[in-house]
Amino acid sequence: MTNPELSHIVTLADAMQGRKVALDADEATRAAIAKRLGLIALDRFVVEAEVFAVAGGIAARGSITADVVQACAATDLPVPAHIADPFDLRFLRDIGADASEEEEVEISADDCDVLPLEGDRVDIGEAAVQTLSLALEPFPRHPDADRILAEKGVLTEEQAGPFGALAQLRDKDAS
């Protein structure tokens, strides 16, 4: 695995003491994260967390704040967004030890923020980047996308669907 763009290692010994983590990514780090996540720009990325020990591992509770620019899924125009997302992660030993790699494992919503603890350390910076990745809009849409697409002759779903075709026939017959 390559080195994470924003790395901040916390050990189990650190977590036993309780630690506050505050990270503010610099310009080069933000550019590297933006490239990895397919963003046009990442103008701000701040992580604040409390890290503490829990039975079987390490917990990290905090938030990420980011100002991102994504490409519109329909027009490729820039779509700026502000993200403020809390996280509550548990890095635990021996989770999923029963399942082989080929075996399908079902997890509940409560299990989604539980990650494996490998060794005695976690990378809070990498966990924050992954949290940002999950918080991004999967199909960002520019506010003018519909107008721009209409000007280029692209039909909406309603126009292209069966009812749109019937409406066009009706309009043709009315002429």
Side-chain angles (χ1 to χ4, degrees), residues 1-15 17-54 57-92 95-96 107-152 154 156-157:
M1 181 176 171
T2 61
N3 288 337
E5 301 84 1
L6 181 66
S7 184
H8 186 84
I9 303 295
V10 176
T11 65
L12 192 52
D14 294 334
Q17 307 284 325
R19 294 274 186 230
K20 288 189 184 251
V21 175
L23 307 173
D24 192 349
D26 62 25
E27 187 175 347
T29 301
R30 291 192 317 268
I33 294 168
K35 181 177 178 185
R36 174 175 156 195
L37 300 181
L39 301 172
I40 294 172
L42 178 57
D43 297 325
R44 179 175 178 234
F45 187 48
V46 175
V47 181
E48 293 179 352
E50 290 184 50
V51 181
F52 49 95
V54 293
I58 299 174
R61 183 179 301 136
S63 64
I64 60 165
T65 306
D67 292 322
V68 303
V69 181
Q70 293 179 268
C72 173
T75 64
D76 217 27
L77 290 171
V79 180
H82 177 76
I83 296 172
D85 207 31
F87 61 85
D88 190 356
L89 305 172
R90 300 288 184 270
F91 300 88
L92 303 176
I95 62 168
I107 59 174
S108 70
D110 295 336
D111 296 330
C112 290
D113 293 338
V114 177
L115 303 164
L117 175 63
E118 297 173 12
D120 70 338
R121 59 189 60 221
V122 297
D123 190 337
I124 298 300
E126 175 59 17
V129 172
Q130 291 178 15
T131 299
L132 172 62
S133 172
L134 293 171
L136 293 172
E137 177 63 44
F139 300 102
R141 194 138 170 112
H142 191 276
D144 293 334
D146 291 338
R147 180 187 56 78
I148 292 167
L149 292 172
E151 287 173 0
K152 295 188 183 263
V154 177
T156 65
E157 283 186 36

To the nearest 0.5 Å, how far apart are CG in Leu77 and CD1 in Ile40? 8.5 Å
Side-chain heavy atoms of Leu92 within contact of Leu115, under 4.5 Å: no
Of all the heavy-atom pairs spanning Gly57 and Leu117, show the shortest one and how long it is. CA-CD2, 3.7 Å
Val46 backbone acceptor or donor facing Asp24 side chain under 3.5 Å: no
Closest approach of Pro140 to Ala71 (non-hydrogen atoms, all atoms of both residues): CG-O, 3.1 Å
Is the closest basic N to carboxylate O distance between Arg36 and Glu126 below 4.0 Å? yes
Show the nearest heavy-atom pair for residues Pro78 and His142, with the distance to one decimal. O-CD2, 3.3 Å
Work out which heavy atom in Ala41 is nearest to a heavy atom in Ala34; give both atom names and the distance. C-CB, 4.2 Å
For Arg30 and Asp43, indicate whether the former's side chain and the latter's backbone hold a donor-acceptor pair under 3.5 Å. yes
Does Gln70 reach the main-chain N or O of Glu137 with its side chain, forming a donor-acceptor pair under 3.5 Å? yes
Could you tell me the separation between the CD atom of Glu50 and the CZ atom of Arg61, rounded to the nearest 0.5 Å? 7.5 Å
Answer with yes or no whether the side chains of Asp123 and Ser7 bring together a donor and an acceptor at under 3.5 Å. yes
What closest approach, in Å, do Leu23 and Gly125 show between heavy atoms, and which atom pair accounts for it? CD1-CA, 4.0 Å
Testing Leu42, Leu37, Ile33 one by one against Glu5 for a side chain to side chain contact (heavy atoms under 4.5 Å, CB included), which residue passes? Ile33
Taking the side chain as everything from C-beta on, heavy atoms only, tell me whether Phe52 gets closer than 4.5 Å to Arg19. no
Test item: Arg121 and Leu12 side chains (from C-beta on) under 4.5 Å apart, heavy atoms: no
Does Ala25 offer a backbone N or O that forms a donor-acceptor pair with the side chain of Thr29 under 3.5 Å? no
Note: Phe87 and Ala60 closest approach over all heavy atoms is CD1-O, 3.7 Å
